[in-house]
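To find a chain, count down the sequence lines: A is the first, B the second, and so on, and within it residues start at 1.
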Amino acid sequence: MSIRTRVAPSPTGDPHVGTAYMALFNWAFAKSQGGEFVLRIEDTDQARSSEASETRILAALNWLDIRWDEGPDIGGPHGPYRQSERTDIYRRHAQQLIDQGHAFHCFCTAERLAAMRVEQRAAGATAGYDGRCLNLSAAEVSARRTAGEPAVIRMRVPASGECRFHDELRGDIAIPCSQIDMQVLLKADGFPTYHLAVVVDDHLMGITHILRGEEWINSTPKHKLLFDYFGWPMPALAHMPLLRNPDQSKLSKRRNPTSIDYFRDVGYLPEALTNYLALMGFSMPDEREIFPKAEFLQAFSLDRVSLGGPIFDFEKLNWLNGQHIRGLDADAFMDRLEEWAINRQRLAPLTPLIQTRTERFADIAPQVDYLLGDRRPLSEEDFTHKKLSRDQVVEALFRTARACDAVAEWRRDELRTLCKANAERMGLSLGDFLAPVFIAISGRAVALPLFDSMAFLGADITRVRLREALDALGVSNKQRKRLEKLTG
RNA sequence: GUCCCCUUCGUCUAGAGGCCUAGGACUCCAGGUUUUCAUCCUGGCAACAGGGGUUCGACUCCCCUAGGGGACGCCA
């Protein structure tokens, strides 16, 4: 039987470098053995999923030249590949579990469940559904449902014993059933949760091997149970290590740039990024570190995967990127530079901003230096302001950073709205509030319009620059905590 | 708090019981090439978390401890 793997991103934000990481390894594993690699979109979260995000994820993976054999854009024999288009399938399967006594309807409200969790947490136990609706009579269930009471479907879980499964990388893992929650499978809105959808789809799409992040180990028992309930064979599992921040926590946008678009925008080569990602937890048999994707594929093997969570190291990535850039011949170098920024698509959003400020083309480069390149390094003195105190400067920067995390869609007007609200909360005019932000983003007091600049730079670069500004000011932990409290 | 995973230089890693005086790479330092800078070359600093076993022999196998991480949502 042919090997089939998949990557299954959720289109709920920027294309994450962790998605690229898992895609790369799944791709390499399948392709190294003549198998197929599938892209599936897990858009079952109605509130957070967006088409725009899906488009960007596909574009980002294409940019990295990680190609799939089946997916929402190109179809395939096991489609549709977008979970929002498969809801009938999940509903049928959830019903099947009900019919077979492996699942039950639950009418508990979100409020009750939240209160229950608080209580359980306080008592020091593993939080989990307490089973109130576990044994409702069929008559009661149907009466309440016909009365229009919202209900979810939960899976049943053995009360005792343990769940065992095999991990290709870690050996056998056993987790006590007491740790397995009676997971919601079908939400009140009729959409499946991840756990139902992933099991049903992996089976229906013929996935033979699941390479996924370590964060999923603890939910594997749920999946195993579901596979058993359905009478399906469980795919082979390999839980990869998680990419980490320098403080060893799971890589997060709060602390590091994580968007694939960030890496593109600041001028990393896609082949350098995939090369670097391949080095995270994998090593070549001959310990070579600079290699193209094709050779990674050829050499790939699960027993060359290491399990310690690798810290994402920009310095090494920079070195590697330099190696790839210097390896280009002059023509390729110019092509790649052109592809990066000196083209209409990239310059288009800048044009309305710079044209009115230009008398000679020579005026342009100095105006856009901080947009196409790094802005200059900052020091504390850069932030002295005639009206704002140091604390106010810090607070304004901090609030802006927080706003960046909160922004739903990274657009100029949305950013302005958020900043305006924060300025008001501080009792400052928008101009005064923005002064330090201007410096943080552009490194200058006079620059192109701020929100256009932020929009152009993107969330990650903006966040990085705000963080650097806060660092330059030497914000103490105490002050940071106070601000975190202040801004919720 | 409960459960699960992990643990070699600051970082990424090699290492499948003797090849280990623990190797490579990034960073850093020193020197060389370069009119400068960068590249490039040469050299250097730097690690098996701790404690018990098993074994003739443990970085490698087992146990305990410690440390780190993750999960505990009608998010994925």
Side-chain angles (χ1 to χ4, degrees), chain A residues 8-13 16 18-19 41-49 83 106-111 113-114 116-117 120-129 150-154 162-163 165 167 169-171 173-198 212-222 239-251 276-290 303-323 325-327:
Chain A
S10 182
T12 53
H16 199 278
T19 301
I41 294 294
E42 309 225 322
D43 55 347
T44 56
D45 185 336
Q46 284 292 276
R48 293 199 304 154
S49 297
Q83 290 185 330
C106 170
F107 299 92
C108 294
T109 62
E111 296 73 48
L113 293 171
M116 176 195 76
R117 278 186 203 107
Q120 288 169 333
R121 217 41 93 86
T126 303
Y129 183 62
V152 302
I153 292 177
R154 286 179 186 276
E162 61 176 20
C163 176
F165 56 92
D167 184 291
L169 259 13
R170 296 159 200 264
I173 297 174
I175 294 177
C177 288
S178 61
Q179 293 295 317
I180 310 172
D181 195 12
M182 293 179 236
Q183 180 64 48
V184 171
L185 299 177
L186 207 66
K187 307 181 226 180
D189 65 3
F191 276 70
T193 58
Y194 168 82
H195 303 283
L196 206 221
V198 77
R212 50 162 38 156
E214 186 181 358
E215 55 194 334
W216 295 109
I217 290 178
N218 285 289
S219 33
T220 301
K222 293 171 186 172
H239 289 97
M240 296 286 297
L242 255 26
L243 264 22
R244 318 265 191 114
N245 297 314
D247 70 355
Q248 307 200 85
S249 57
K250 177 164 87 164
L251 191 68
Y276 179 72
L277 255 14
L279 253 18
M280 303 278 85
F282 172 84
S283 61
M284 281 292 197
D286 60 1
E287 295 193 60
R288 200 155 36 104
E289 296 197 296
I290 302 169
D303 49 51
R304 293 210 62 83
V305 172
S306 61
L307 295 177
I311 290 169
F312 199 101
D313 181 5
F314 281 86
E315 279 195 275
K316 184 139 185 181
L317 173 60
N318 288 343
W319 167 79
L320 196 56
N321 200 55
Q323 293 295 317
I325 283 184
R326 286 175 220 123

Q: When both hydrogen-bonding distances must be under 3.5 Å and the geometry is Watson-Crick or G-U wobble, what is B:G67 paired with, if anything?
A: B:C6
Q: Reckon A:Arg288 touches a base, only the sugar-phosphate, or nothing at all at heavy-atom distances under 4.0 Å?
A: nothing
Q: Using heavy atoms to find the nearest nucleotide of RNA chain B for A:Ala188 and A:Ile173 separately, return the residue whose nucleotide is more 5′.
A: A:Ile173
Q: In plain terms, say whether A:Asp189 and A:Lys187 are close enough for a salt bridge, that is, a side-chain N and a carboxylate O under 4.0 Å apart.
A: no
Q: When we call it a touch if two heavy atoms are under 4.0 Å apart, what does A:Arg304 touch: a base, just sugar-phosphate, or nothing?
A: sugar-phosphate
Q: Both conditions, 6.0 Å and 45 degrees, for the charged tip of A:Arg244 above the ring of A:Phe312: are they met here?
A: no
Q: Roughly how far apart are A:Glu215 CD and A:His239 NE2, rounded to 0.5 Å?
A: 9.0 Å
Q: For residues A:Arg212 and A:Thr220, is any side-chain donor paired with an opposing acceptor at under 3.5 Å?
A: yes
Q: Please check if the side chain of A:Thr44 supplies one atom and the backbone of A:Phe191 the other of a donor-acceptor pair under 3.5 Å.
A: no
Q: Taking atom types as modelled, find out whether A:Ser249 and A:Asn245 have a side-chain donor-acceptor pair closer than 3.5 angstrom.
A: yes
Q: With both distances under 3.5 Å as the test, what is the Watson-Crick or G-U wobble partner of B:U42?
A: B:A30
Q: Which is the 5'-most and which the 3'-most nucleotide of RNA chain B that has an atom under 4.0 Å from a heavy atom of chain A?
A: B:G1 to B:A76
Q: Can you sort out which residues in residues 314-322 of chain A have a heavy atom within less than 4.0 Å of RNA chain B? Ascending by number, please.
A: A:Glu315, A:Lys316, A:Trp319
Q: So A:Gln46, base contact, sugar-phosphate only, or nothing? Heavy-atom distance under 4.0 Å.
A: nothing
Q: Determine which nucleotide pairs with B:G1, using a 3.5 Å limit on both distances of a Watson-Crick or G-U wobble pair.
A: B:C72
Q: Do the ring centers of A:Phe314 and A:Trp319 come within less than 6.0 Å of each other?
A: no
